[in-house]
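Whatever order the structure lists them in is the order used to number ligands and atoms, beginning at 1. This one's a predicted model, so the numbers in the text were calculated from it and none came from an experiment.
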Amino acid sequence: MRGFGTTIFAEMSALALTTGSVNLGQGFPDTDGVDGILDAAAQALREGANQYPPGPGIPALRQAVAEHQQRNYDLAYDPDTEVLVTAGATEAIAAALLALTGPGDEVVLFEPYYDSYAACVALAGAQRQVVTLEPDGAGWGFDPGALERAITPRTKLLLLNTPHNPTGAVFDDRQLAAVADVAIRHDLTVVSDEVYEHLVFDGAQHTPIATLPGMRERTLTISSAGKTFSVTGWKIGWVCAPPPLLAAVRTVKQFLTYVNGAPFQPAVAGVLDRAEQLAPREALQQQRDLLCAGLEAAGFDVHRPQATYFATVDLRTSAAEVTGSRTDAVSFCRELPQRAGVVAIPSSVFYDSAAGDAFVRFAFCKRPAVLDDAVRRLREAGAAR
Ligand code: PMP
Ligand code: GLN
């Protein structure tokens, strides 16, 4: 794991603390979990849910996950053989990659990619091949030819993330069909990270790739309670997959954490039937609008996201006053706390290629007053130049 060092999220959150900056780096909400969920966890804790839960997760949560997939996507999973509770989506991703890939295998992923993907591919001893997502006017897209060229005889697995961190893109039907076509023709397993499934805006539609013809049997669908219910510290995630794939992941998961989150599992089970209503979609959409408008007013060129917690700016096409004449995301983000009192994430760290060198990610999962403060700081730092 030489070369992986400290995650960018830890580095930037530490920098926010030492410089007293507004932290729009690491993506976590600054408000507490949705209605009732905290009391449910407290009650579970007081009522004795404090010892190891069952290895696959408590039955009530596995049942709730299966019902969630059925209700939202018309996907049927058997809660006993096709659903596994994990320590966040992070463990689900790690266990899936460790279970299904190894030395000599290649994993195809889209860049920019969530940082744990590259680390888990490395932990598995496999190699990654990336396909670049590029801004394409309204959203982000990829060249299907580039996806085809990324496949080799060694390719075992394709790792997909939609809605997508850090771009905020939601893969549309055409893009999903292109991924499914490649997966089926090359007989690949697909791991689909859908942790932002309920945080989509402007009426956009999230479609799990498992719903496409021929895909359910080769797809592991991963999600988590963290984003949907604003409890990112609880680390309750899950995987849905056909029995042979799920069994492989369960085998690995047993030896990673074994189990986690005893009092949180019943609390999540109790609200998952209202995920669609409880997810803070409207509030986040307003926060997105607030941040994007503020960044634009300050002089940034903003790629407006359709989903997630994050907006991306392109330093190359933003005003020199507000970028400090920097087009390199890493040096911009290292300097920004001192210059403006704001922390952001250089999206370039989520790329293998140079395509993201000028992209910076700002999180908007913060209270409006915090976003206003950040935008004011950015404007004032720009005006002071
Ligand atoms: N995948 C993506 C795309 C994420 O953004 C995150 C966390 N923000 C995770 C996985 C990890 O989820 P969890 O906190 O449930 O482990
Ligand atoms: N997923 C969060 C983000 O992208 C951070 C999670 C973490 O710190 N590992 O900001």
Side-chain angles (χ1 to χ4, degrees), residues 4-17 23-30 33 57 61 65 84-97 109-121 133 140 159-171 191-200 206 208 220-239 253 256-257 260-261 264-265 268 272 275 279 284 291 305-312 333 343-351 356 359-366:
F4 282 91
T6 309
T7 84
I8 192 69
F9 305 117
E11 182 188 339
M12 287 300 169
S13 283
L15 196 57
L17 277 179
N23 188 357
L24 303 189
Q26 194 175 27
F28 60 88
D30 61 355
L61 180 52
V65 169
L84 173 69
V85 176
T86 55
T90 305
E91 188 193 31
I93 293 159
L97 286 165
L109 32 110
F110 291 93
E111 66 170 10
Y113 49 75
Y114 183 56
D115 72 336
S116 86
Y117 298 175
C120 290
V121 172
L133 290 174
W140 298 70
L159 182 44
L160 180 69
N161 170 216
T162 181
H164 184 260
N165 176 8
T167 64
V170 180
F171 279 54
V191 170
S192 184
D193 175 351
E194 304 180 8
V195 300
Y196 297 99
E197 62 186 324
H198 292 297
L199 305 185
V200 294
H206 162 67
L220 299 101
T221 303
I222 292 172
S223 193
S224 137
K227 308 297 178 326
T228 300
F229 302 117
S230 301
V231 287
T232 60
W234 283 18
K235 302 298 282 191
I236 300 297
W238 49 85
V239 195
K253 183 264 185 297
L256 293 177
T257 57
N260 77 300
F264 304 126
Q265 291 194 23
V268 173
L272 204 51
L284 273 168
L291 179 69
Q306 281 184 293
T308 75
Y309 282 168
F310 311 111
T312 297
C333 289
V343 158
I345 298 282
S347 296
S348 48
V349 304
F350 307 131
Y351 287 78
F359 291 135
V360 172
R361 187 192 88 171
F362 288 90
F364 51 81
C365 47
K366 308 291 171 183

About how many Å separate [atom2] of [Y] and [atom1] of [X], when rounded to the nearest 0.5 Å?
X	Y	atom1	atom2	value
His206	His198	NE2	NE2	8.0 Å
Thr257	Glu91	OG1	CD	3.0 Å
Phe359	Tyr351	CZ	OH	5.0 Å
Leu17	Asn23	CG	CG	7.5 Å
Thr308	Arg361	OG1	CZ	8.0 Å
Leu133	Thr167	CG	OG1	6.0 Å

Problem - ligand 1 atoms in contact with Asn161 (distance to a heavy atom under 4.0 Å) - result: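 Going through ligand 1 atom by atom, the ones under 4.0 Å from Asn161 are 3 (C).
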
Handout entry: Contact atoms of ligand 1, heavy-atom distance to Asn165 under 4.0 Å
Key =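 The list of qualifying atoms is 3 (C), 4 (C), 5 (O).
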
Between [Y] and [X], is there a side-chain heavy-atom distance shorter than 4.5 Å?
X	Y	result
Val85	Val268	no
Tyr117	Asn161	yes
Val121	Leu109	yes
Ile236	Leu61	yes

Looking only at distances, please establish whether an N/O atom of ligand 1 is found under 3.5 Å from an N/O atom of [X].
X	value
Phe310	no
Tyr117	no
Lys235	yes
Thr232	no

Protein contact to [atom] [nearest heavy atom, distance to 0.1 Å]:
atom	value
atom 12 (O) of ligand 1	Ala89 CB, 3.5 Å
atom 10 (C) of ligand 1	Asp193 OD2, 3.3 Å
atom 8 (O) of ligand 2	Gln26 NE2, 2.6 Å
atom 11 (C) of ligand 1	Thr90 OG1, 3.3 Å
atom 7 (C) of ligand 2	Phe9 CD1, 3.5 Å

[X] contact mode with ligand 2 (heavy-atom cut-off under 4.0 Å):
X	answer
Met12	neither
Phe28	neither
Tyr114	side chain

Exercise for the section: Give a yes/no on ligand 1: does Tyr196 have at least one heavy atom closer than 4.0 angstrom to it? Expected result: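 So Tyr196 counts as touching ligand 1.
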
Handout entry: Min heavy-atom dist Lys227 to ligand 1 below 4.0 Å
Key =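 It does; at least one heavy atom falls under 4.0 Å.
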
Exercise for the section: Validate the cation-pi geometry between Lys227 and Phe28: distance from NZ or CZ to the six-membered ring centre under 6.0 Å, angle to the ring axis within 45°. Expected result: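 Checked: cation-pi criterion not met.
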
Select one of side chain, backbone, both or neither to describe which atoms of [X] lie under 4.0 Å from any atom of ligand 1, heavy atoms only.
X	value
His164	neither
Val195	side chain
Ser224	side chain

Practice task
For ligand 2, find out whether one of its N or O atoms is nearer than 3.5 Å to an N or O atom of Gly27.
Solution key: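 The answer is yes, given that Gly27 and ligand 2 share an N or O pair closer than 3.5 Å.
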
Practice task
Anything under 30° is parallel, anything over 60° is perpendicular, the rest tilted; go ahead and classify His164 against Phe171.
Solution key: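 Plane angle between 30° and 60°, so tilted.
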
Problem - Proximity flag Asn165 to ligand 2, non-hydrogen atoms under 4.0 Å - result: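 Yes, Asn165 has a heavy atom closer than 4.0 Å to ligand 2.
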
Problem - Within-shell test, Tyr309 vs ligand 2, heavy atom, strictly < 4.0 Å - result: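 No heavy atom of Tyr309 comes that close to ligand 2.
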
Practice task
Answer yes if the ring centres of Tyr309 and Tyr196 are under 6.0 angstrom apart, and no otherwise.
Solution key: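 Yes; Tyr196 has its ring centre under 6.0 Å from that of Tyr309.
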
